[in-house]
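Here the structure is laid out as structure tokens; the discussion comes afterwards.
Numbers here are sequence positions counted from 1. Fair warning: this is a prediction, and the values are worked out from it, not measured in the lab.
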Amino acid sequence: QFQLAESGGGLVQPGGSLRLSCAASGFALGYYAVGWFRQAPGKEREGVSCISSRGNSTNYADSVKGRFTISRDNANNTVYLQMNSLKPEDTAIYYCAVAGTCRALLSGFGSWGQGTQVTVSS
């Protein structure tokens with residue numbers, strides 16, 4: 001059964017770090033680009049980062065450049081989002097999604113996980 005499962009969210013103080021995981025089951029994640037998106041209360045969903053199927057191309061939203069790093073381990077069918085120097089404005093539900101390309105994901109296509117809550121607060 002095709003499934004994406006995010007994990008690793010939680011409550012962290014400003015300046016802290018979290019690592020999110022997106023684990024795939026029922027299919028080989030290595031054939032797909034994987035993106036991380038987030039949605040804060042009352043705001044539209046925004047793209048955070050994306051990685052190509054082979055991992056040789058990544059992109060980031062300006063708001064997270066230099067703080068977040070996306071990576072993938074195709075052997076373990078998992079993609080990660082390392083989040084450092086977290087800010088209160090990073091608070092949101094974080095979702096991972098897969099599609100053929102990052103362009104497709106950013107155009108709104110793809111299959112989605114259920115999300116994991118990240119809260120940055122003192």
Side-chain angles (χ1 to χ4, degrees):
Q1 183 176 358
F2 183 106
Q3 187 173 8
L4 290 171
E6 301 93 336
S7 62
L11 173 64
V12 63
Q13 292 185 343
S17 298
L18 285 173
R19 188 177 80 156
L20 305 184
S21 298
C22 172
S25 58
F27 69 103
L29 193 62
Y31 289 109
Y32 298 92
V34 180
W36 284 97
F37 296 77
R38 66 187 181 186
Q39 188 164 21
K43 295 187 177 181
E44 292 187 355
R45 185 180 68 200
E46 67 169 329
V48 174
S49 182
C50 191
I51 187 167
S52 62
S53 59
R54 295 183 180 181
N56 58 337
S57 177
T58 58
N59 57 58
Y60 299 90
D62 288 343
S63 58
V64 306
K65 280 181 181 176
R67 301 188 298 122
F68 291 11
T69 303
I70 191 170
S71 62
R72 66 188 304 155
D73 181 350
N74 286 342
N76 287 312
N77 240 18
T78 304
V79 168
Y80 304 98
L81 185 69
Q82 177 67 43
M83 306 187 297
N84 299 329
S85 301
L86 282 161
K87 305 175 180 180
E89 51 263 43
D90 295 317
T91 296
I93 299 175
Y94 284 70
Y95 301 88
C96 65
V98 298
T101 64
C102 283
R103 178 174 293 183
L105 281 170
L106 294 174
S107 297
F109 298 98
S111 298
W112 296 78
Q114 295 301 305
T116 185
Q117 176 70 48
V118 171
T119 302
V120 185
S121 175
S122 55

Rounded distance [0.5 Å steps], [atom1] in [X] versus [atom2] in [Y]:
X	Y	atom1	atom2	answer
Arg19	Ser7	CZ	OG	9.0 Å
Tyr80	Trp36	OH	CH2	10.5 Å
Asn84	Thr69	CG	OG1	6.5 Å
Ser25	Phe2	OG	CZ	9.0 Å
Leu29	Asn76	CG	CG	11.0 Å
Ser85	Arg67	OG	CZ	7.0 Å

Next on the checklist: For Ile70 and Tyr60: C-alpha separation, side-chain torsions, deciding distance, then whether side chain to side chain contact (heavy atoms under 4.5 Å, CB included) applies.
Outcome noted: CA-CA 9 Å; Ile70 191 170; Tyr60 299 90; 3.4 Å; yes
Is the shortest side-chain heavy-atom distance between [X] and [Y] below 4.5 Å?
X	Y	answer
Tyr95	Arg38	no
Cys50	Thr58	no
Phe68	Asp90	yes
Met83	Tyr94	yes
Glu89	Val120	no
Ser121	Gln13	no
Thr101	Tyr32	no

Next on the checklist: Which residues pass the salt bridge (Lys or Arg N to Asp or Glu O under 4.0 Å) test with Arg54, not counting sequence neighbours?
Outcome noted: none
Next on the checklist: Tell me every residue that passes salt bridge (Lys or Arg N to Asp or Glu O under 4.0 Å) with Lys43, counting only those two or more places apart in sequence or in another chain.
Outcome noted: none
Checklist entry - Strictly by modelled atom types, are Thr78 and Asp73 linked by a side-chain donor-acceptor pair under 3.5 Å? => result no
Checklist entry - Crowded around Gln114 CD? As in, over 12 foreign heavy atoms under 6.0 Å? => result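 Open.
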What's the shortest heavy-atom distance between [X] and [Y], and which atoms?
X	Y	answer
Ala61	Gly47	CB-O, 3.4 Å
Ile51	Cys102	N-SG, 3.6 Å
Gly30	Arg72	CA-NH2, 3.8 Å
Ala40	Ala92	N-CB, 3.8 Å
Gly8	Thr116	N-OG1, 4.3 Å
Ser111	Leu4	O-CD1, 3.4 Å

Next on the checklist: Name the residue from Leu11, Leu81, Leu20, Thr91 that meets the side-chain contact (heavy atoms from CB on, under 4.5 Å) definition with Val118.
Outcome noted: Leu20
Checklist entry - Do you reckon Val34 sits in the same ILVMFWY cluster as Trp112, going by side-chain contacts under 4.5 Å, direct or chained? => result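 Different clusters.
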Checklist entry - Does Arg45 make a cation-pi contact with Phe37, if we ask for NZ or CZ under 6.0 Å from the ring centre and within 45° of the axis? => result yes
Checklist entry - Is the backbone N or O of Tyr31 less than 3.5 Å from a side-chain atom of Ser53, with the two atoms forming a donor-acceptor pair by type? => result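 Side chain of Ser53 to backbone of Tyr31, a donor-acceptor pair under 3.5 Å: no, none is there.
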Next on the checklist: Checking Ser71 against Val79 for the side chain to side chain contact (heavy atoms under 4.5 Å, CB included) test, could you report, in this order, the C-alpha distance in whole Å, the side-chain angles of both residues, the deciding distance, and whether it holds?
Outcome noted: CA-CA 6 Å; Ser71 62; Val79 168; over 6 Å; no
